[in-house]
Amino acid sequence: MRVLVLNSGSSSIKFKLFSMEESIVLASGLIEQIGEADGRASIEGAPGVKSVREGKIADHGDGLHLMLEMLSEAEIIGSLSELDGIGHRVVHGGEEFHQPTVIDTDVMAAIERLSPLAPLHNPANLAGIRVVVEKSPKLPQVAVFDTAFHQSIPKYAYLYALPYQLYEQEHVRRYGFHGTSHHYVAKAAAVYLEKKLESLNMITLHLGNGASACAIRAGESVDTSMGLTPLEGLIMGTRSGDIDPAVLFYLAREKGSSIDELDALLNKQSGLKGICGSNDMREITDRALEGDERSRLALEMVSHRLKKYIGAYTAVLGRVDVLVFTGGIGENAAQLRESSCAGLEEGLGIKIDLEKNRMRKSGIFTISAEDSRVKVLVVPTDEELEIALQTMMAISSAHQ
Ligand code: ADP
């Protein structure tokens with residue numbers, strides 16, 4: 001079975017093509033700067049075998065056309081008809097989608113209806129879906145929603161303490177994101193530990209450019225740090241995470257800041273970048289080692305916020321068996337893992353083995369000490385593989 005996974009952004013399409021029987025990636029690539037003069041498409045088939053095309057790519061349709069042309073030139077697939085299905089990452093599924101869903105016109109209409117909740121993402125995701133419908137109407141397509149895994153969060157945890165009508169009429173509530181990743185690493189951790197997922201309480205920390213924490217009981221999300229949008233919660237690359245919302249009223253009154261300016265401030269100019277000027281964790285770690293005060297401060301702030309969420313979710317879960325670090329930062333930044341868990345030994349039973357934590361390994365590995373009450377793991381995430389697996393399952397159950 002061949003499954004293509006598409007992650008369409010406003011001006012880009014990331015893709016990965018899987019052969020599911022052999023669990024291998026046949027090709028992956030990126031179409032960038034769609035709509036700009038300097039478009040770029042790159043695909044990688046066999047490791048290291050890369051082809052690149054540059055020039056204007058008018059729209060998502062053009063981008064996918066180019067991708068197919070390049071896949072055919074590389075003799076990977078000749079046309080869409082050689083695929084068994086396409087899995088799309090769709091950012092917002094609102095309250096309507098609890099699981100991966102085979103796409104039909106109703107599903108497309110629902111994704112469109114939910115666009116005000118994710119104005120940058122849902123329309124782009126939909127553009128990718130529409131192009132495939134036009135090119136190959138019979139090819140099964142599946143939407144895998146970033147929000148779906150968090151639909152198990154209880155009402156008392158997902159509601160904001162705002163007038164209840166705002167939830168009923170405007171759908172204002174916590175939805176949570178990164179669901180595909182939190183779910184994937186939780187399942188992978190259970191397999192690694194040779195335990196049933198249902199028997200474990202976990203905290204998963206997805207730390208990339210965007211970052212979120214999730215409390216998982218028996219394989220179900222019971223709380224998460226992102227909210228109505230991916231802005232809430234942990235300190236991220238360029239996003240502030242939690243702040244007092246009154247900061248915004250204060251800035252609007254004192255500086256006359258507009259809504260768009262405040263949106264850009266919190267989403268694009270804050271987080272690590274706002275504190276120390278960079279949102280690249282490698283650069284920040286190096287600069288901190290060289291004695292740069294702001295970089296040090298940024299790292300201290302990030303680990304302090306992480307500790308607060310680990311503590312909060314320990315209380316929510318009552319007992320934690322496993323703590324998982326994932327995402328570009330979670331998988332690689334050993335120093336940050338160490339500082340976020342420092343001091344949690346006695347109270348929370350989280351004790352890192354400093355040597356194991358610093359050893360670079362591929363795949364899943366344990367970084368907690370033998371006598372740590374909580375197992376602490378590094379689990380590389382693979383959102384595309386999870387989307388491909390979910391796509392295959394949704395297609396097979398639709399055929400039954
Ligand atoms: P995205 O959310 O865009 O998918 P990633 O999960 O790729 O992001 O994470 C990007 C972050 O991971 C960046 O801050 C980057 O600096 C950090 N990162 C990647 N590799 C390393 C490394 N070896 N050491 C420390 N940080 C790293």
Side-chain angles (χ1 to χ4, degrees), residues 5-16 28-30 32 89-91 118 120-121 124-125 144 146-147 176-185 188 204-214 224-226 229-241 267-290 292 294-303 305-306 324-341 357-365 367 378-387:
V5 172
L6 294 181
N7 183 353
S8 310
S10 51
S11 61
S12 67
I13 306 171
K14 244 190 196 163
F15 67 90
K16 238 181 203 181
S28 61
L30 179 64
E32 298 168 270
R89 173 185 180 220
V90 180
V91 166
L120 294 180
H121 293 101
N125 304 152
V144 180
D146 248 25
T147 48
F177 298 87
H178 288 148
T180 309
S181 175
H182 288 296
H183 195 190
Y184 175 83
V185 297
T204 50
L205 302 172
H206 176 106
L207 312 177
N209 276 315
S212 66
C214 185
T224 194
S225 58
M226 283 178 166
T229 76
L231 179 57
E232 196 179 346
L234 302 174
I235 295 175
M236 310 181 214
T238 62
R239 292 181 221 145
S240 62
N267 275 302
K268 299 195 173 132
Q269 298 152 15
S270 295
L272 292 167
K273 191 167 186 197
I275 305 159
C276 70
S278 167
N279 57 341
D280 183 336
M281 185 51 80
R282 282 162 289 206
E283 195 177 322
I284 299 168
T285 314
D286 289 348
R287 284 207 216 144
L289 284 174
E290 287 158 12
D292 181 62
R294 291 280 196 88
S295 300
R296 249 186 227 168
L297 176 65
L299 293 176
E300 281 168 357
M301 289 172 70
V302 169
S303 16
R305 182 79 53 91
L306 278 166
V324 172
F325 283 91
T326 192
I329 295 175
E331 291 164 33
N332 296 296
Q335 180 61 44
L336 190 80
R337 292 194 298 254
E338 184 183 323
S339 57
S340 334
C341 293
N357 182 42
R358 289 191 181 190
M359 271 193 296
R360 266 190 173 279
K361 282 197 190 166
S362 58
I364 304 182
F365 58 100
I367 58 168
V378 173
V379 181
T381 194
D382 195 337
E383 287 169 285
E384 286 87 8
L385 175 61
E386 178 68 11
I387 292 173

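Everything quoted here is computed from the prediction, not taken from an experiment. Note that ligands are numbered from 1 as they come in the structure, with each ligand's atoms numbered from 1 the same way.
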Determine, stepwise, if the pair Cys276 / Ile284 fulfils side chain to side chain contact (heavy atoms under 4.5 Å, CB included). CA-CA 8 Å; Cys276 70; Ile284 299 168; 3.9 Å; yes
Verify whether one side chain among Thr224 and His178 offers a donor that lies under 3.5 Å from an acceptor in the other. no
Counting only N and O atoms by type, is there a donor-acceptor contact under 3.5 Å from the side chain of Arg337 to the main-chain atoms of Asn357? yes
Look at the side chain of Ser270 and the backbone N and O of Asn267, then say whether any donor-acceptor pair between them is shorter than 3.5 Å. no
Numbered atoms of ligand 1 (with element) below 4.0 Å of Gly210, judged on heavy atoms: 2 (O)
What protein heavy atom is closest to atom 20 (N) of ligand 1, reported as residue, atom name and distance in Å? Asn332 ND2, 3.5 Å
Below 3.5 angstrom, do we get any N/O pair linking Asp280 and ligand 1? yes
Strictly under 4.0 Å, does any heavy atom of Gly237 approach an atom of ligand 1? no
Report yes or no: does Arg305 contribute a side-chain atom to a donor-acceptor pair with the main-chain N or O of Gly233 at less than 3.5 Å? yes
Closer than 4.0 angstrom: is that true for some heavy atom of Asn279 and an atom of ligand 1? yes
Which of the listed options, Ala333, Ala334, Gly328, Gly327, holds the heavy atom that is closest to atom 9 (O) of ligand 1? Gly328
Heavy-atom protein neighbour under 4.0 angstrom from atom 4 (O) of ligand 1: no
Option with minimal heavy-atom separation from atom 15 (C) of ligand 1, where the choices are Lys14, Gln335, Arg282: Arg282
Between His182 and Ser212, does a side chain to side chain contact (heavy atoms under 4.5 Å, CB included) hold up when you go through it step by step? CA-CA 9 Å; His182 288 296; Ser212 66; 2.8 Å; yes
What atoms of ligand 1 come closer than 4.0 angstrom to any heavy atom of Arg360? 23 (N)
Where is the nearest protein heavy atom to atom 14 (O) of ligand 1: which residue, which atom, and how far? Met281 N, 3.2 Å
the protein heavy atom lying closest to atom 17 (C) of ligand 1 turns out to be Ile329 CG1, 3.7 Å
Does Thr326 use its side chain to pair, donor to acceptor, with the backbone of Val379 at less than 3.5 Å? yes
Is it the case that the side chain of Glu386 and the backbone of Ser181 share a donor-acceptor pair, with hydrogens and angles ignored and the cut-off at 3.5 Å? no
Considering only protein heavy atoms, which is closest to atom 8 (O) of ligand 1, and at what distance to one decimal place? Asn209 N, 3.2 Å
